[in-house]
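None of the values given here were measured: they were computed from a predicted structure. Proteins get letters first, then strands, A, B, ... in listed order; numbering begins at 1 in each.
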There are 2 protein chains.
Amino acid sequence: MDLSIGDLSRRVAVKVPTIRYYEQIGLLPAPPRTEGRQRRYGAEHVSRLSFIRHARDLGFDVEAIRELLSLAAQPDQSCEPADQIVLRHLESVERRIAQLTLLRSELRHMLEDCRHGPVRECRIIQVLADHDQCRHEHGKVS
Amino acid sequence: MDLSIGDLSRRVAVKVPTIRYYEQIGLLPAPPRTEGRQRRYGAEHVSRLSFIRHARDLGFDVEAIRELLSLAAQPDQSCEPADQIVLRHLESVERRIAQLTLLRSELRHMLEDCRHGPVRECRIIQVLADHDQCRHEHGKVS
DNA sequence: TCTTGAACCTCTAGTCGCTAGAGATTGTAT
DNA sequence: ATACAATCTCTAGCGACTAGAGGTTCAAGA
Ligand SMILES: [Zn+2]
Ligand SMILES: [Zn+2]
Ligand SMILES: [Zn+2]
Ligand SMILES: [Zn+2]
């Protein structure tokens, strides 16, 4: 186990510049270097980066991942803080789904109502110009 | 109708720096100025900014809004390009909902499976470390 | 051993859609 | 005249990368 950054990249499916970025922000520890200053990674880097990547895929932000990693390193502590992080994330995903569902409905209505004639008669343009013609109180999409 | 940037901001509910930003990127035309170089807006700015704000609330990106505005200014043309823009956006919203729905399910499972004991036994940490323990092929959340 | 060339290095800047601040000027009400 | 809120320009920062320039190192084949 003595992987170049390219090897690690292929193995974990994280791009090379992203790995360097994670090192820069202190998410992945700086590995040892060859005499020519090239990075060489070991098994612990593979598993840590896999964790990071999986958590990113699941939508956690870097701050949350930082906390999750530090919890994972303390196996005797209660896992409650980790649960809290996941719960918070779940709630934000649910809020997001609710917003997007309203949005989808609004967009579908716009497309259904459109008569596909000249812009002058286009419902899409009219609705965009006037939120009162919307069916829902879709909030801002954040 | 001769609104300061603050008046316009309150009327359309778009923050002052955002209005200046829209001017900078060419989304909102530069208004006339007072002798002391302060911006003064008219009715056409109110309606254009309302359009922009509504489209942003509906999740359209600036490029799409640019195209929609330029279409809106040509009332005799076919509205098909506008419909296309909305359709593209709808499809991306639908993809996003599908991803987030998978994600929600995964996060719920993680929370359900967790025994709330020490980190060593925490399913959340275990699943994060190993995607094979996931129920779904949740893709990357983009 | 030498030579090639892919992979690596650092550093800077760009993405998107704002948001925040500094420091100076203008408008308006008393 | 004075005070003070609002405005001005300019620059930098957010999150999570991504792209590129310009230079160096590694590893494989001749
Ligand atoms: Zn139409
Ligand atoms: Zn609306
Ligand atoms: Zn747990
Ligand atoms: Zn997974």
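- Of the possible polar contacts, none joining the B:S9 side chain to the B:I5 backbone as a donor-acceptor pair under 3.5 Å is found.
- The list of ring pair (Phe, Tyr, Trp, His ring centres under 6.0 Å) pairs with a residue in residues 57-105 of chain A, not counting sequence neighbours, reads A:F60-A:H89.
- The bend of the helix from C:dT1-D:dA30 to C:dT30-D:dA1, defined by the angle between the axes of its first five and last five pairs, stands at 10° to the nearest 10°.
- The residue among A:E35 and A:T18 whose nearest nucleotide of DNA chain D lies closer to the 5′ end is A:T18.
- Residue B:R20 is in base contact, counting any heavy-atom pair closer than 4.0 Å across all strands shown.
- Residue B:D7 is the one, among B:D7 and A:Y22, whose nearest nucleotide of DNA chain D lies closer to the 5' end (criterion: closest heavy atom).
- Contacts between residues 41-65 of chain A and DNA chain D, defined by a heavy-atom separation below 4.0 Å, involve A:R56, A:D61, A:V62, listed by number.
- A salt bridge does not link A:R20 with A:E23: none of the charged nitrogens is closer than 4.0 Å to a carboxylate oxygen.
- Side-chain atoms of A:H45 come within 3.5 Å of backbone atoms of A:G42 as a donor-acceptor pair (strictly under, hydrogens ignored).
- Cluster annotation: B:L90 is connected to B:I65 through the hydrophobic network of ILVMFWY side chains, with a link wherever side-chain heavy atoms come within less than 4.5 Å.
- One finds no salt bridge joining B:E91 and B:R88 here, because no Lys/Arg side-chain nitrogen approaches an Asp/Glu carboxylate oxygen to under 4.0 Å.
- In this structure, the side chain of B:H54 engages the main chain of A:L128 through a donor-acceptor pair within 3.5 Å.
- Nearest heavy atom pair, residue B:S78 against residue A:V119, reads O-CG2, 3.8 Å.
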